[in-house]
S.K.: 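This is the structure I want to talk about, given as structure tokens.
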Amino acid sequence: MGAAAVAVIRLRNPPVNALSLTALQALEDGLKRADADPSVKAVMICGENGKFSAGADIRGFSSPKRHGIALGPIISLIEKSEKPVVAAIEGIALGGGLEVALGCHYRIAHVKARMGLPEVTIGLLPGAQGTQRLPRLIGVPAALDIITTGRHIPATEALKLGLVDEVVEENTVEAAIRLANKVIGQPLGPRRLSLKPVPKLPNMEAFLREALVKVKKQAHGCLAPELCFQAVKAATEQTFADGVRKEQELFNILLTSGQAQALQYAFFAERAVQKWTTPSGASWKSASPQPIHKAAVIGLGTMGRGIVTSLVKANIPVVALEQNLEYLNMGRKAVMLLLEREAMKMEQGAQTLRFHNPARLQFTVDFDVLQDVDLVIEAVFENMALKKEIFQKISRICKPGAFLCTNTSALNIDEIASATRCPQQVIGTHFFSPAHVMRLLEIIYGLHTSATAIATAMQLAKALKKVGVVVGNCFGFVGNRMMFPYVQQAVFLLEEGSRPEAIDQVLEDFGFKIGPFRMSDLAGLDVGWRSRKGQGLTGASLPPGTPARQRHGHRYSPLPDLLCENGRFGQKTGKGWYQYEKAGGRTAKPDPWLHNFLAQYRDTHHIKTRFIDQEEILERCLFPLMNEGFDILAEGIASGPEHLDVIYINGYGWPKHRGGPMFHASTIGLPRVLAKLQKYSEAHPDVPGLRPSAFLKKLVAMGNPPLKDWMSYLSRQSNKL
Ligand SMILES: CCCCCCCCCCCCC/C=C/C(=O)SCCNC(=O)CCNC(=O)[C@H](O)C(C)(C)COP(=O)(O)OP(=O)(O)OC[C@H]1O[C@@H](n2cnc3c(N)ncnc32)[C@H](O)[C@@H]1OP(=O)(O)O
């Protein structure tokens, strides 16, 4: 039989062949034409431009035109076809794209292709019969894993699981046409997944019970993983048709849940921040990144070690530098340990060999080795004088085009740059701990930072598999600046009568991975203490006679300082806001010592204890954080609310299914946020963080516009830069 007998249907909707209304219609028309044409003996479905399909067009889910549009019936049409249908999977087959492939009778994939059902990550489930077909094909445990995590699987794993019939290194489309020709005339019944039983497990009930516990534990309040689970469970209990009905019912619950909207917003927000701009007109469109052939990291403390590990993982040769041999050897050991662990997690354990290649990872105490690097990341102690000394030195030693990055969480980039001869090359790269794990990279431009430096830092973020967010220079930048009022309120709530465990619980129930007190114990209370001492808020430089609970006329809580004075630095000392089993222990237990201490503190300062309910805890912590966000936007420190949300989701454990703090403010409604801030501000007039931002007030006065329009209400003059 010649190749002409195989009809080719090509999914075409650049850049990722998403299944839009038009694409769905074209697919259906193509199938019907192939079916009606007697010269066609088989069908091959592939995607344009080496990509099968990224699934349904995500923007379509919020379109009013989506009602009545379904992919499931088209997939049934594929499966019922009396002519064999072969899917040629190149690049990606995700979501509805993979569901189309599951409806085909045969699947053939390129060795570099990736497959997955990532609907759970955008708050949905595979709603085109995928939850019913996949368990029939690869069994319940593997299907549950893929559907509830949304992870992408490589073609080689797909072959092992039986998800695809063949993996090829050559031209996939040609191989699929060959396969289609070969199977013409063969019975299709055994290839129709809807007719197959779900493979039995000896202990299905127990397996599902345990799986549900695991799914719930990892969901942190997100609905989609549990409903994905329910849909797969239905496949084990019901007929295919009933399972599909259940899948639809669950899909509709998710589609109309606010969580799906929040997660889809987060998906596009992450892509929007790639298209960075600055108030001075620099932008991703005109700036080109420079290649980084070799990088250096100065300082091998916790942050430096993580950054070196990240660079090595990204296959970028690194020079790791410390001030003396003792610190260098400690740093080297720690980095090697991290790399061993990372290598074990990676696919090929052989990666370890590459990590140990001295040509790619060099440890030194000699600054002159930095002469030929393209980029330096300074990751020393958070101390301005020290950083300036280092920048002065490296701007002399490094080649003229080298980019000089400082890993700082709050310090002034311009002041650091002023120590160099090349301020245009200086940029802030704020990594989050552990730096080889956390996805966020806050990229801070100073007054003189060049567009090329920003583009290069963004490119670096991508190479490190991180999400880079470009922000302006101010104390704490975006993330920490918004965090200050949040943590401050949490401590004020303790003064007024609450307990760390009560406050953490409310915020963890909201969806944060970890509440503010557990977080502070993990990070180390001494970090903030040092910073407050540096700012003259506590310690020896505090002018005598300063009231204990007031600084510069504003309310101040000395509680965190008092804990540090008692040697309670958090997990590292075994005691902080909680007690731990030992120094370095991780299991937080409420501490009666702290409860007594708080009671005495309130007595000393004549604070009347009151019961504080969950609503007040949540609002007092979250609303000032959002409020600061409005100020940040008004000052031009970030170019849109999406930036703030991406930062919070990827660096601060904000629950993604709530879309980020600014998205959350928009769903609560700005008038309500404003009214509550006004109420709390009246009750606590000495707390500036509770005073509503002028920009928030303006947006409310303009009728609470949707988040996407907020920035249009800012006049150019109000931008700081
Ligand atoms: C009018 C009504 C229309 C209705 C249409 C809906 C039909 C309804 C049928 C019901 C079906 C139910 C079940 C099916 C559900 C789904 O399939 S949900 C979608 C599942 N798929 C995904 O979640 C994949 C999401 N995409 C990605 O993970 C990545 O984008 C990628 C494909 C792995 C590519 O990554 P990368 O190379 O890094 O490029 P990006 O920058 O991420 O993407 C490039 C541009 O493409 C846009 N995009 C990507 N995927 C989609 C998508 N599925 N829908 C719409 N747009 C998508 C992305 O935003 C980028 O765009 P720009 O930012 O503009 O460049």
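Note: hydrogens, waters and symmetry copies are ignored here, and every other heavy atom, side chains too, is used. Predicted model, so just to flag it, every value in this text is computed and none were measured. Order of appearance sets the numbers: ligands from 1, and atoms from 1 within every ligand.
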S.K.: Can you find a protein heavy atom closer to atom 21 (N) of ligand 1 than 4.0 Å?
M.R.: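 Protein heavy atoms within 4.0 Å of atom 21 (N) of ligand 1 - there is at least one.
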S.K.: Cut-off 3.5 Å, side chains only: do S194 and E79 have a donor facing an acceptor?
M.R.: yes
S.K.: Which option wins on minimum heavy-atom distance to atom 7 (C) of ligand 1: L71, L117, L24?
M.R.: L24
S.K.: Give a yes or no on whether atom 35 (O) of ligand 1 lies under 4.0 Å from any heavy atom of the protein.
M.R.: no
S.K.: Taking atom types as modelled, is there a side-chain donor on Q129 or S76 under 3.5 Å from an acceptor on the other?
M.R.: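 Looking only at side-chain atoms, S76 and Q129 do form a donor-acceptor pair, the distance falling under 3.5 Å.
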S.K.: Quick one: which of A56, G95, S53 has a heavy atom closest to atom 19 (C) of ligand 1?
M.R.: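 Nearest option to atom 19 (C) of ligand 1, by heavy atoms: A56.
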S.K.: Which of the numbered atoms in ligand 1 are below 4.0 angstrom from a heavy atom of I122?
M.R.: 18 (S), 19 (C)
S.K.: So, applying side chain to side chain contact (heavy atoms under 4.5 Å, CB included) with F52, which one of I92, V100, L98, T172 is it?
M.R.: V100
S.K.: Pull out every atom of ligand 1 sitting under 4.0 Å from any heavy atom of F61, numbered as shown with elements.
M.R.: 15 (C), 18 (S)
S.K.: Which protein heavy atom lies closest to atom 12 (C) of ligand 1, and at what distance to 0.1 Å?
M.R.: F251 CZ, 3.8 Å
S.K.: Using non-hydrogen atoms of the residue, decide whether E99 is closer than 4.0 angstrom to ligand 1.
M.R.: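 E99: in contact with ligand 1 (<4.0 Å).
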S.K.: Only heavy atoms of S63, strictly under 4.0 Å: list the atoms of ligand 1 that pass.
M.R.: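 So the atoms of ligand 1 that pass are 1 (C).
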S.K.: Can you classify the ring geometry of F510 versus H664 as parallel (below 30°), tilted (30 to 60°) or perpendicular (above 60°)?
M.R.: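 Perpendicular.
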S.K.: Could you state the interatomic distance from CD (E28) to CD1 (I9), rounded to the nearest 0.5 Å?
M.R.: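 The CD1 atom of I9 is 11.0 Å from CD of E28, to the nearest 0.5 Å.
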S.K.: Please evaluate residues F403 and L460 with respect to the criterion side chain to side chain contact (heavy atoms under 4.5 Å, CB included), reporting the C-alpha separation (whole Å), side-chain torsions for both, the decisive distance (0.1 Å), and the verdict.
M.R.: CA-CA 11 Å; F403 298 100; L460 177 71; over 6 Å; no
S.K.: Is there at least one protein heavy-atom neighbour under 4.0 Å from atom 50 (N) of ligand 1?
M.R.: yes
S.K.: Going through the distances and angles, do D145 and R151 end up as a side chain to side chain contact (heavy atoms under 4.5 Å, CB included)?
M.R.: CA-CA 8 Å; D145 168 47; R151 73 184 178 92; 2.9 Å; yes
S.K.: Heavy-atom distance from atom 39 (O) of ligand 1 to the protein below 4.0 Å?
M.R.: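 There is no protein heavy atom less than 4.0 Å from atom 39 (O) of ligand 1.
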S.K.: Name the option, out of A70, G60, G72, that contains the heavy atom nearest to atom 3 (C) of ligand 1.
M.R.: G60
S.K.: Give me the residue, atom name and distance of the protein heavy atom closest to atom 58 (C) of ligand 1.
M.R.: R271 CD, 3.8 Å
S.K.: For ligand 1, is there an N or O atom under 3.5 Å from any N or O atom of F267?
M.R.: no
S.K.: Name the closest protein heavy atom to atom 31 (C) of ligand 1, giving the residue it belongs to and the distance to 0.1 Å.
M.R.: L94 CD1, 4.5 Å
S.K.: Rounded to the nearest 0.5 Å, what separation is found between the CG atom of L117 and the CG atom of L94?
M.R.: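 L117 CG to L94 CG: 8.5 Å, rounded to 0.5 Å.
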S.K.: Answer with yes or no whether K275 contacts ligand 1, where contact means a heavy atom under 4.0 Å from a ligand atom.
M.R.: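 The answer is yes: ligand 1 sits under 4.0 Å from a heavy atom of K275.
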S.K.: Using ring pair (Phe, Tyr, Trp, His ring centres under 6.0 Å) as the criterion, list what pairs up with H657, not counting sequence neighbours.
M.R.: none
S.K.: For atom 13 (C) of ligand 1, find the nearest protein heavy atom and state the residue, atom name and distance (0.1 Å precision).
M.R.: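 That would be G127 N, 3.4 Å.
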S.K.: Test: side chain to side chain donor-acceptor pair (under 3.5 Å). Region: residues 109-121. Which pairs qualify, not counting sequence neighbours?
M.R.: R114-H152
S.K.: So, taking the atom named NE2 in H105 and the one named CG in L193, what distance separates them when rounded to the nearest 0.5 Å?
M.R.: 9.0 Å
S.K.: Could you tell me whether atom 17 (O) of ligand 1 has a protein heavy atom closer than 4.0 Å?
M.R.: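 Yes; the ligand atom in question has protein heavy-atom contact below 4.0 Å.
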S.K.: Tell me: protein heavy atom nearest atom 56 (N) of ligand 1, and distance?
M.R.: F268 CE2, 4.2 Å
S.K.: Just to confirm my output: which protein heavy-atom neighbour is closest to atom 54 (N) of ligand 1, and how far is it?
M.R.: I58 N, 2.9 Å
S.K.: Which atoms from ligand 1 have a heavy atom of P15 less than 4.0 Å away?
M.R.: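 Every atom of ligand 1 under 4.0 Å from some heavy atom of P15: 45 (C), 46 (O).
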S.K.: Quick one: does any side-chain atom of S53 pair with a main-chain N or O of G55 as donor and acceptor, under 3.5 Å?
M.R.: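 Judged by distance alone, yes, a pair lies under 3.5 Å.
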S.K.: For ligand 1, which atoms have a heavy atom of I92 less than 4.0 angstrom away?
M.R.: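 Those atoms are 32 (C).
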S.K.: Determine whether the side chain, the backbone, both or neither of A54 has a heavy atom under 4.0 Å from any heavy atom of ligand 1.
M.R.: both
S.K.: To the nearest 0.1 Å, how far is atom 48 (N) of ligand 1 from its closest protein heavy atom, and which atom is that?
M.R.: V16 CG2, 3.7 Å
S.K.: Just verifying a value: how many Å separate I153 CD1 and L159 CG, rounded to the nearest 0.5 Å?
M.R.: 10.0 Å
S.K.: Using a 4.0 Å cutoff against the non-hydrogen atoms of G55, which atoms of ligand 1 qualify?
M.R.: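 Within the 4.0 Å cut-off of G55, ligand 1 contributes 17 (O).
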S.K.: Judged by non-hydrogen atoms, does L19 sit under 4.0 Å from ligand 1?
M.R.: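 L19 counts as a contact of ligand 1 under the 4.0 Å cut-off.
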S.K.: Where is the nearest protein heavy atom to atom 23 (O) of ligand 1: which residue, which atom, and how far?
M.R.: P118 CG, 3.5 Å
S.K.: Do Y652 and F432 make the cut of ring centroids closer than 6.0 angstrom?
M.R.: yes
S.K.: Salt bridge or not between D35 and K32? Use side-chain N to carboxylate O under 4.0 Å.
M.R.: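 The answer is no: the pair does not qualify as a salt bridge.
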S.K.: Could you give the distance from NZ (K246) to CD (E237), rounded to the nearest 0.5 Å?
M.R.: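 Spacing of NZ (K246) from CD (E237) equals 9.0 Å.
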